[in-house]
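For reference, the structure discussed in these notes is given below.
Everything numeric in this text was worked out from a predicted model, so none of it was measured.
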Amino acid sequence: MLRGLHREWKQPVAFYLICRRNKDETLVIFLMEVLDACHNAGLVVVATICDMGASNVRALKLLGVSEKTPFFRFRDQEIAAVFDPPHLLKCTRNLFFKYDVMNVGLGVVVNGQPLTGTAKWADILKVYELDKQNVLYRVMRHVTDRHLKPFAQDAMKVSLAAQVMSTSVAAAIDTHVTAGKEKCF
């Protein structure tokens, strides 16, 4: 699928069926075919976007994409390799669901003090339970049990991940911590 940056258009350009064997190398070949066709048609491709599927990640590595070089070269042009933001949001939520996040010297300052500590999924669960008790005014009004205990299809829904990783959830946590009701982080 191609999409314009300066004008609103998008166009499907290719559809490939890929077998499991040599999938990474095959993806690279197909991408080069599409880029070549775009170049021959006079289009300038500036970025590719894909989800974080293992085959896509390995294909980008074959092209030389890394943290230090988030692009690859095609016909003397740098093409940025971008992971799809909705997939990144879901992945962040899913990793946070499994692992704690440590804040070590990220430069965040609160009340003149550097913010340090560990964020835990359990902190969100605690504040959610407290917020649910407030019938008249809920800060986390869009968050439900489906958001916080995602199973099967719910784990794949971007909207649920976005609502958990939102400013309203951060505000609820901050409110409870500031009020001294909960010791989080």
Side-chain angles (χ1 to χ4, degrees), residues 1-109 114-121 124 147 150-167 169-170 185:
M1 170 81 70
L2 296 176
R3 185 190 185 295
L5 285 179
H6 299 291
R7 293 204 176 137
E8 194 72 29
W9 64 271
K10 58 184 174 181
Q11 177 69 46
V13 292
F15 183 84
Y16 296 99
L17 297 173
I18 302 174
C19 68
R20 292 231 182 256
R21 203 167 84 217
N22 299 327
K23 190 174 181 182
D24 314 334
E25 296 87 358
T26 306
L27 281 173
V28 171
I29 292 167
F30 291 156
L31 178 60
M32 291 300 129
E33 284 179 7
V34 170
L35 290 173
D36 195 47
C38 291
H39 180 79
N40 292 340
L43 297 172
V44 178
V45 177
V46 296
T48 62
I49 299 176
C50 64
D51 66 16
M52 295 179 68
S55 295
N56 293 336
V57 172
R58 287 191 301 265
L60 290 174
K61 283 184 181 177
L62 287 173
L63 290 168
V65 174
S66 68
E67 277 186 51
K68 291 186 179 186
T69 56
F71 59 87
F72 61 92
R73 298 198 70 76
F74 176 78
R75 293 194 181 189
D76 296 328
Q77 178 191 348
E78 291 180 354
I79 298 178
V82 180
F83 290 120
D84 186 23
H87 284 90
L88 289 172
L89 184 61
K90 285 190 312 185
C91 186
T92 302
R93 188 267 326 263
N94 292 344
L95 287 170
F96 188 41
F97 186 70
K98 293 179 182 177
Y99 305 102
D100 295 343
V101 178
M102 294 179 65
N103 180 11
V104 274
L106 296 178
V108 179
V109 178
L115 182 65
T116 59
T118 302
K120 301 174 183 166
W121 189 260
I124 294 176
H147 291 78
F151 292 103
Q153 294 292 44
D154 288 342
M156 301 304 293
K157 293 191 178 192
V158 175
S159 61
L160 297 181
Q163 287 169 333
V164 170
M165 305 299 284
S166 68
T167 54
V169 171
F185 309 115

Would a 4.5 Å heavy-atom cut-off, applied to side chains only, mark K10 and L2 as touching? no

Can you give me the closest heavy-atom contact between A59 and V28, atom names plus distance? O-CG2, 3.5 Å

What residue among V82, L5, I79 forms side chain to side chain contact (heavy atoms under 4.5 Å, CB included) with V46? L5

Could you check if a side-chain atom of F72 sits within less than 4.5 angstrom of a side-chain atom of L35, using non-hydrogen atoms only? yes

Residues, nucleotides or ligands: over 12 heavy atoms within 6.0 Å of M32 CE: yes

Looking only at non-hydrogen atoms, find the nearest pair between G64 and T69 and report the distance. O-OG1, 3.1 Å

Pair N94, Y99 - check side-chain contact (heavy atoms from CB on, under 4.5 Å), show working. CA-CA 9 Å; N94 292 344; Y99 305 102; over 6 Å; no

Just how far is it from atom CG of L160 to atom CE of M165, taken to the nearest 0.5 Å? 13.0 Å

S166: partners by side-chain contact (heavy atoms from CB on, under 4.5 Å), with sequence neighbours left out: S168, V169

Is any side-chain heavy atom of P86 closer than 4.5 Å to a side-chain heavy atom of D51? no

To the nearest 0.5 Å, what is the distance between CG (L89) and CG (D84)? 10.5 Å

State, yes or no, whether a side-chain contact exists between Y16 and I29 at a heavy-atom distance under 4.5 Å. no

Taking the side chain as C-beta and beyond, is there a heavy-atom pair between L31 and F74 under 4.5 Å? no

Nearest 0.5 Å, what's the NZ-NE2 distance between K157 and H147? 10.0 Å

Are any side-chain N or O atoms of Q77 and backbone N or O atoms of V45, one a donor and one an acceptor, separated by less than 3.5 Å? yes

How many angstroms lie between atom CZ of R58 and atom NZ of K23, to the nearest 0.5 angstrom? 8.5 Å

Output for pair (L60 CG, T48 OG1), nearest 0.5 Å, gives 5.5 Å

If you round to the nearest 0.5 Å, how far is CE of M52 from CG of L88? 5.5 Å

Validation row: F96, R93 side chains within 4.5 angstrom (heavy atoms): no

Tell me, do F15 and L17 make a side-chain contact under 4.5 Å, heavy atoms counted? yes

Between K90 (side chain only) and M156 (backbone N and O only), is there a donor and an acceptor less than 3.5 Å apart? yes

